[in-house]
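To keep things clear, I will list the structure first and then write my remarks on it.
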Amino acid sequence: MASSLGKEKSGITVSKNSDFSEWYTQVVLKAKLADYAPVKGLIVLRPDGYSIWESLRSTFDKKFAKNGIRNGFLPILIPESLLGKEEKHFAGFNPEVFWVTHSGTNEIGDRLALRPTSETLAYTMYSKWIQSWRDLPLKINFWNTALRAEIKATKPFLRTSEFLWQEGHTVHSTQEEAEKEVMKILDIYKKTVEDELAIPVVTGKKSEKEKFVGAVYTTTMESIMPDGKALQMGTSHFLGQNFSKPFEVKFADKDNVEHFAWQTSWGVSWRLIGAMIMVHGDDKGLVLPPKVAPMQVVIVPIYKNDEGKEIVLPKVDEIREKLESQDIRVHVDDREGMSPGYKFNDWELKGVPLRIEIGPKDIENKSVVIAKRHNLEKSSLGFSEIDKISEILDEIQKEMLKKAKEQASKNTINISDYSEFKSKIDEGGFLCTSWCGKLECEEKIKEETGAEIRVIPWDSENITQKCVYCKEQSKSVPIFARGY
RNA sequence: GGGGUUGUAGUCUAGCUUGGUAUGAUACUAGUCUGGGGGACUAGUGAUCGCAGGUUCAAAUCCUGCCAAUCCCA
């Protein structure tokens, strides 16, 4: 009785299957990743949440650097006159822009936008910095936040009015080089998300309707969440000369002829953290992939009295040092007055990938008990095998990706008939079905089913089938889904 | 865009209809016993009841506005 009461108070009180939305919010709050800020749609990141972001950031930074991309920083305010320079871009973002209209008590004539994205500002600067082909390529990434007012219901990490992200902006002398860059970035994104967060993604192109406003085309990576909804995990845009013309990003080529430059922009946000929570979490709380876990291993010492303590703690220290020397992020939970059971539940809620239990019994047996978070399996590990923990963490990482892949493929189905489409869409999932390429059909499908084209996967051109809606010859087989 | 619901210690909650400054649990602090899956006892601390007005001798309670969270429909 007392134990079930305690469980209700500090653990997750709903199951992932029965109330996904509530489950998600509870995991975010109770695992102490984030909390609500006093303003609608804004959240505060707590250290455990921010640490995951820092881990992703550091991985991306290394990969960006290898690709010749350096970091810069842009201010948050953009004058309206500048934001409006590319018409379609402005029209797309305008409804959700926060405006600064006063400085102190004085009204600002050219009001200032809190950046919804920085293309316009970055390219104003770029046009000053670029004169010659020798200045290209110019590849800068910016870690910052963007602000887009969310009127609809908000969700921590998934839909917030301010979000942490990185936006990369590159400039090239040729179309070919720019397009290659778009693909390189998408590849970095895909590999990082799969390797670090253990979430499988599908990459491809957005439809004309869903592309980034102002882009020539948008490439994207999409994932399916356990509730059957699709989540956009990151995008990499080919901007062509759509921005270089209005912003006069020009360069003199080797032949001394002036050309407009070719540009790309791309970004991933803390939505990735939301995806990680949804994909891996369970009824006990968060489950962290070892690579991004702030703590990879937690050691829980168990003893009944001072005598036991004297036996156990030196061994705990020894193991901790051994693990630390292998760059494993380890924490010893030496809190007094808490039962081991309480601690187990606590660390499971917080998603620590591996727990080591060590008490007098283990000292006798010259082994420890290890408990894996992702499958809740316990086993014993001899003192001489402590070195294997690094491998075990790698295995956990792999198993998590494998499980996520199985889940994703179960939620991906091929559909050829529209009535089947309509009946399946309520169950959620990725619906792969052929399409004629016409906006009209895309819009009708969205209107009638709520599903949109999430991604047109690479190599999905197909002219041998019929459009699921109009029955005319198909062009491709996109993935339709309802999205976040 | 339209329509609901909710807001009381860190967390959950009683009280609200029928106005009289607040119930219980958990957490927290101290101590003793405990300790291998959310431990027991004892004693404490902690709330101007989301915010701002209004009605009233008196407001958590009634009224108005706002803020925030959440759900449903488009």
Side-chain angles (χ1 to χ4, degrees), chain A residues 1-14 18-32 34-44 46 95-96 149-162 227 229 282-285 298-313 315-316 332-350 352 355-365 367-373 375-381 425-426 443-444 446-452 482-484:
Chain A
M1 184 65 197
S3 71
S4 72
L5 199 68
K7 193 170 189 173
E8 269 177 36
K9 294 306 171 188
S10 48
I12 307 296
T13 60
V14 295
S18 62
D19 191 350
F20 189 73
S21 182
E22 170 69 15
W23 170 87
Y24 175 83
T25 306
Q26 285 196 15
V27 172
V28 170
L29 298 177
K30 292 184 175 179
K32 299 185 178 165
D35 204 349
Y36 292 108
V39 178
K40 180 182 169 62
L42 304 187
I43 60 168
V44 176
R46 305 180 69 173
E96 46 192 23
E150 287 291 349
I151 315 298
K152 290 182 186 176
T154 57
K155 266 287 171 214
F157 296 118
L158 301 177
R159 176 170 279 132
T160 49
S161 289
E162 182 185 25
D227 62 346
K229 285 199 206 163
D282 64 20
D283 287 354
K284 285 179 153 281
V298 62
I299 304 178
V300 179
I302 299 162
Y303 42 80
K304 292 193 209 290
N305 47 38
D306 282 349
E307 191 192 336
K309 200 169 165 178
E310 276 164 32
I311 301 170
V312 170
L313 286 187
K315 193 68 197 175
V316 166
V332 175
D333 185 359
D334 55 5
R335 290 177 290 180
E336 298 277 353
M338 278 170 174
S339 69
Y342 182 89
K343 291 181 180 179
F344 298 166
N345 283 287
D346 196 33
W347 294 113
E348 278 163 3
L349 175 61
K350 296 184 113 190
V352 177
R355 180 178 71 242
I356 296 179
E357 305 167 14
I358 173 164
K361 279 188 225 164
D362 305 292
I363 301 287
E364 246 174 67
N365 298 335
S367 68
V368 297
V369 172
I370 59 170
K372 296 177 186 171
R373 176 63 184 91
N375 58 14
L376 298 169
E377 279 174 17
K378 273 193 185 193
S379 55
S380 105
L381 191 72
I425 193 65
D426 283 332
E443 278 179 338
K444 282 286 178 194
K446 170 95 192 254
E447 199 182 305
E448 292 171 19
T449 68
E452 56 205 13
R482 289 183 185 153
Y484 270 94

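In what follows, chains are A, B, ... by sequence order, proteins preceding strands, each numbered from 1. Predicted model, so just to flag it, every value in this text is computed and none were measured.
- Nucleotide B:A14 is matched to nothing when pairs are restricted to Watson-Crick or G-U wobble geometry with both distances under 3.5 angstrom.
- Taking the charged nitrogens against the carboxylate oxygens, A:E377 and A:K372 have no contact shorter than 4.0 Å, which rules out a salt bridge.
- Annotation: B:A27 and B:G10 have their P atoms spaced 16 Å apart (nearest Å).
- For the C1' atoms, the distance from B:A43 to B:G19 is 36 Å, rounded to whole Å.
- Distances shorter than 4.0 Å separate none of the side-chain N or O atoms of A:S339 from OP1 or OP2 on B:G35.
- A:I358 places its CD1 atom 16 Å from the P atom of B:G36, with the value rounded to the nearest Å.
- Using P as the reference atom, B:U26 and B:U18 are 34 Å apart when rounded to the nearest Å.
- B:C63 and B:G4 have their P atoms separated by 16 Å, given to the nearest Å.
- In this structure, B:U32 and B:A40 make a Watson-Crick or G-U wobble pair, each of the two defining distances being under 3.5 angstrom.
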Compile the donor-acceptor pairs under 3.5 Å between side chains in residues 358-365 of chain A and protein atoms, sequence neighbours left out, one pair per line.
| residue | atom | partner | partner atom | Å |
| --- | --- | --- | --- | --- |
| A:D362 | OD2 | A:G359 | N | 2.7 |
| A:N365 | ND2 | A:K361 | O | 3.3 |

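- For residues 35-44 of chain A, no residue pair satisfies the side chain to side chain donor-acceptor pair (under 3.5 Å) rule, not counting sequence neighbours.
- One P atom belongs to B:A74, the other to B:U13, and the distance between them is 30 Å to the nearest Å.
- Partner assigned to B:U48 is none, using Watson-Crick or G-U wobble distances below 3.5 angstrom.
- Taking atom CG of A:N365 as the reference point, atom P of B:G36 lies 17 Å away to the nearest angstrom.
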* Quick one: what's the B/S/- string for nucleotides 68-74 of chain B, heavy-atom cutoff under 4.0 Å, read 5' to 3'? -> SSSS---
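- For A:R482, the side-chain hydrogen bond (donor to acceptor under 3.5 Å, both in side chains) partners are A:D426, not counting sequence neighbours.
- Annotation: salt bridge (charged side-chain N to carboxylate O under 4.0 Å, His left out) contacts of A:K309 (sequence neighbours excluded): A:E336.
- Partners of A:F344 by ring pair (Phe, Tyr, Trp, His ring centres under 6.0 Å), not counting sequence neighbours: none found.
- Taking the side-chain hydrogen bond (donor to acceptor under 3.5 Å, both in side chains) definition, one finds that A:S21 meets it with A:K155, sequence neighbours left out.
- The salt bridge (charged side-chain N to carboxylate O under 4.0 Å, His left out) search around A:K350 returns A:D48, not counting sequence neighbours.
- Between B:G7 and B:C12, the two C1' atoms lie 13 Å apart (nearest whole Å).
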* Reading nucleotides 46-52 of chain B from the 5' end, what letters show protein touch, with B for base, S for backbone sugar-phosphate only, - for no heavy atom under 4.0 Å? -> -------
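- Following rounding to the nearest Å, A:N345 (CG) and B:U26 (P) show an atom-to-atom distance of 17 Å.
- For A:F157, the ring pair (Phe, Tyr, Trp, His ring centres under 6.0 Å) partners are A:W270, not counting sequence neighbours.
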* **Test side chain to side chain contact (heavy atoms under 4.5 Å, CB included) applied to A:V312 and A:I302, step by step** => CA-CA 7 Å; A:V312 170; A:I302 299 162; over 6 Å; no
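- Nucleotide B:G38 holds its P atom 18 Å from the CD1 atom of A:I12, rounded to whole Å.
- Within the nucleic acid shown, A:V369 comes within 4.0 Å of at least one base atom, counting heavy atoms only.
- When the side-chain hydrogen bond (donor to acceptor under 3.5 Å, both in side chains) test is applied to A:D346, the partners found at least two apart in sequence or on another chain are A:R335.
- Across residues 301-310 of chain A, A:I302, A:Y303, A:K304 each have a non-hydrogen atom less than 4.0 Å from an atom of RNA chain B (numbered order).
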